[in-house]
Peer 1: 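Handing you this structure, nothing more for now.
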Amino acid sequence: MKVIKTILKTSVLLGGMCAGNSVAATSINDSLSVVGPAAGSQAAKWGEHWLYVSEQQGLVLADEQLKSVVPGQFEYLAIWQDIALTYDTQVDQVQGIKLDMHNMQRLPLLPKRQIQIDWLCLQPRQADNNLYAWIGNEEGQAEQWLLVTEQQWRPQLVRSLSVAMGALACATDSRTEQLYVVENQHGVWQYPAAPNNAAEGQLVLHRDDNEFSSINQFAGQVLLSDQQGHLFDLKGDTVLTKQVGVDEVESFAVDGNQLIYLVDSDKRYYQVPWDYQPEQQAPSELIIEIPTQVESAIADRAGDTMDDPAIWVHPTQPSQSRILGTNKRWGLLSFDMQGQQVQKLPAGRVNNVDIRQRVKLGGQYRDIAVASNRDRNSLSIFEINQHGHLTQLVEQATSLTDIYGLCLYQPDETSLYAFANDKSGVISQLSLSWDKHHLRADEVRRFSVPTQPEGCVADDQNKQLFVGEENTGIWLFDLSKQSVKGEMILSAGGPLVADIEGLDLYQRPEGGAYLVVSSQGNDSYVLYDAQPPYDYIGRFRIGVNGMQGHDGSAETDGLAVTAKAVGNGLWSDGMLVVQDGRNRLPDEHQNFKWVPWQLIKQQLNLP
């Protein structure tokens, strides 16, 4: 502490530094200088200028002079482009500031939080061009906020996250989309930071009796500081070894030419020359994100509830179409095109659902929905009238012992089949024929895949069946042959990340089809040509729509797609609807998200 005592004696001369005082600092030794205002907390570089926060003078700019540009009582500071984020201790709220040399502007405060604010950091995302923030405390409570969307300040709570107890500070790596939190006992924790990522963490740098006190990032590299000002990377390797003459370091900032430390004992800033240019990191692949356009009403209970959707297209008024969705705890739901629930049918634990329209059964055209029912290993069957209203028909038994996925097959105008699969890998083909006032199901053949399947879709025109074996890949079965043998056409790996979940076909108006797959392992949706050699077309994610307050989707089980119009404008080329396993903005029960096909077509440059 001898060096600190010397610093403190010198800093008394600078204790009254405020707007109008010179930036020229007093040297303690050849490398260390006192800079910035008193009662400091954190510094950050903005363009060519250093900014400091002070509990006495607010936001302070180092230009030719030190100037208090936004008066206040501020702690913590993070900057991205022209946005600064700090914490106003006077009102106990997080404060955003629009940075402008000629007009620094306080932005609307974030709502007062139930958690204490002990640290914060910013998270810019290239995938959706939004700016997010993380705030948290030493009790292990953290929140992610959407701050800026479409260049507008629109703060919205995305989610809450439990982090390690004793959390001291945070930084984000925008390239890999990770949140790093320094914790005072064990080291550094890493959490997936994309808005729809899982809420899970891991200790990535362990130190018994951890001495790391602060974390920051510069030029894409996350750096750590101990209390003596030594700097480390995330591997724990030292990147700054010289004794700089500080102790009790609370925070630090780097700009490639110099370091600025905030020392806890006197709350003053100290500057050290440091020429540092980290190695450029290879960019991670950027998966395109398409914003959610509509989201459904949420499930009636928490947990894994929603599973699989299907689309019913209104025969004369496309905007009056319906989205069906399974609630696998108790029944089937129906939503209008605005996402409002219009019908619920307590059929039991239905898992997957599919629809065929205008099937000639019992001498008249009918629209039929069928769902796999896990309560009784049966088929729940529904007739849909011309207004989209569902009526449940008599349930039909199957020979399966653990029914799971399901899809329908209509090879001609008067024929309808269901393919129901079992967790064992067995696939049962059942003929559905009209019998007085209901559909009767009769098994006509069986075949199988080696391990658990679920998602499936039949190509009615080409008499083929695509089946997803969850951990392995996608099988194709030729239904035109009496003896059905499967061929593995797409293996998991590359863009297709297991689990392989929902499958459907987008029948292109110009001919051919896209096979659309839920790649659950990385929360994406993959398109393949549905004809040999099944070429990869592209992939995307469904992301945040900050202007409408919708989150994206993740951990998707089932999906459905149609090329028929379900409305005007954007909806005239059809749509994709998916189950969202992690509903956020804010944290809510599960629901379904839908996107117009036109946006997918534009983003993937489809012909």
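Any value given below was found using the heavy atoms of this structure, including those in side chains, with hydrogens, waters and symmetry copies removed.
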Peer 1: Does any donor atom in the side chain of Asn137 or Gln141 lie under 3.5 Å from an acceptor atom in the other side chain?
Peer 2: yes
Peer 1: Please test Asp557 against Gln520 for side-chain hydrogen bond (donor to acceptor under 3.5 Å, both in side chains), starting from the C-alpha separation and ending with a verdict.
Peer 2: CA-CA 7 Å; Asp557 290 326; Gln520 192 183 76; 2.8 Å; yes
Peer 1: Are side-chain N/O atoms of Ser572 and Gln598 paired as donor and acceptor at under 3.5 Å?
Peer 2: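 On atom types as modelled, these side chains qualify, holding a pair under 3.5 Å.
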Peer 1: Working to the nearest 0.5 Å, report the span between CG of Leu390 and CD of Gln343.
Peer 2: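 Separation between the atoms: 5.0 Å.
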Peer 1: Using 0.5 Å steps for rounding, measure from the CD atom of Glu469 to the OG1 atom of Thr451.
Peer 2: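 The distance works out to 3.0 Å.
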Peer 1: Between the side chains of Asp459 and Tyr409, does any donor sit under 3.5 Å from an acceptor?
Peer 2: no
Peer 1: Name the atoms and distances for all side-chain donor-acceptor pairs under 3.5 Å in residues 284-291, with sequence neighbours left out.
Peer 2:
unit_1	atom_1	unit_2	atom_2	d
Ser284	OG	Arg175	O	3.3
Glu285	OE1	Arg539	NH2	2.5
Glu285	OE2	Arg539	NH2	3.2
Glu289	OE1	Arg125	NH1	3.2
Glu289	OE2	Arg125	NH1	3.4
Glu289	OE2	Arg125	NH2	2.6

Peer 1: What I want to check is whether the side chains of Tyr525 and Ser553 have a donor and an acceptor closer together than 3.5 Å.
Peer 2: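 Side-chain D/A pair, Tyr525 to Ser553: present.
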Peer 1: Whether the Gln123 and Gln144 side chains hold a donor-acceptor pair (N or O, under 3.5 Å, no angle test) is what I'd like checked.
Peer 2: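 There is such a pair (donor and acceptor under 3.5 Å, judged by atom type) between the side chains of Gln123 and Gln144.
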Peer 1: Would you check if there is a donor-acceptor pair between the side chains of Asp173 and Gln190 at a distance under 3.5 Å?
Peer 2: no
Peer 1: Using a 3.5 Å distance criterion without hydrogens, assess whether the side chain of Gln590 forms a donor-acceptor pair with backbone atoms of Met306.
Peer 2: yes
Peer 1: With side chain to side chain contact (heavy atoms under 4.5 Å, CB included) as the test, pick out the partner of Ile474 among Val467, Leu503, Val457.
Peer 2: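 For Ile474, the side chain to side chain contact (heavy atoms under 4.5 Å, CB included) check succeeds only for Leu503.
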Peer 1: When you check the gap from the basic side-chain N to the acidic O, do Asp308 and Lys328 get nearer than 4.0 Å?
Peer 2: no
Peer 1: Determine, stepwise, if the pair Asp551 / Arg159 fulfils salt bridge (Lys or Arg N to Asp or Glu O under 4.0 Å).
Peer 2: CA-CA 10 Å; Asp551 70 317; Arg159 58 169 165 155; over 6 Å; no
Peer 1: Taking atom types as modelled, is there a side-chain donor on Thr149 or Asn130 under 3.5 Å from an acceptor on the other?
Peer 2: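 Side-chain D/A pair, Thr149 to Asn130: present.
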Peer 1: Taking atom types as modelled, is there a side-chain donor on Glu383 or Thr391 under 3.5 Å from an acceptor on the other?
Peer 2: no
Peer 1: Show the nearest heavy-atom pair for residues Val577 and Met575, with the distance to one decimal.
Peer 2: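 Here Val577 and Met575 meet closest at CB-CE, 3.8 Å.
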Peer 1: In terms of side-chain heavy atoms, does Ser380 have a donor or acceptor partner in Asn373 at a distance below 3.5 Å?
Peer 2: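 A donor-acceptor contact under 3.5 Å links the two side chains.
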Peer 1: What distance do Leu439 atom CG and Ser431 atom OG have between them, rounded to the nearest 0.5 Å?
Peer 2: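 Atom-to-atom, Leu439:CG and Ser431:OG are 9.5 Å apart.
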Peer 1: Kindly assign one of parallel, tilted or perpendicular to the pair Phe447 and Phe477, based on the angle between their ring planes and the thresholds 30° and 60°.
Peer 2: tilted
Peer 1: Checking Asn471 against Gln452: is there a side-chain donor and acceptor pair closer than 3.5 Å?
Peer 2: no
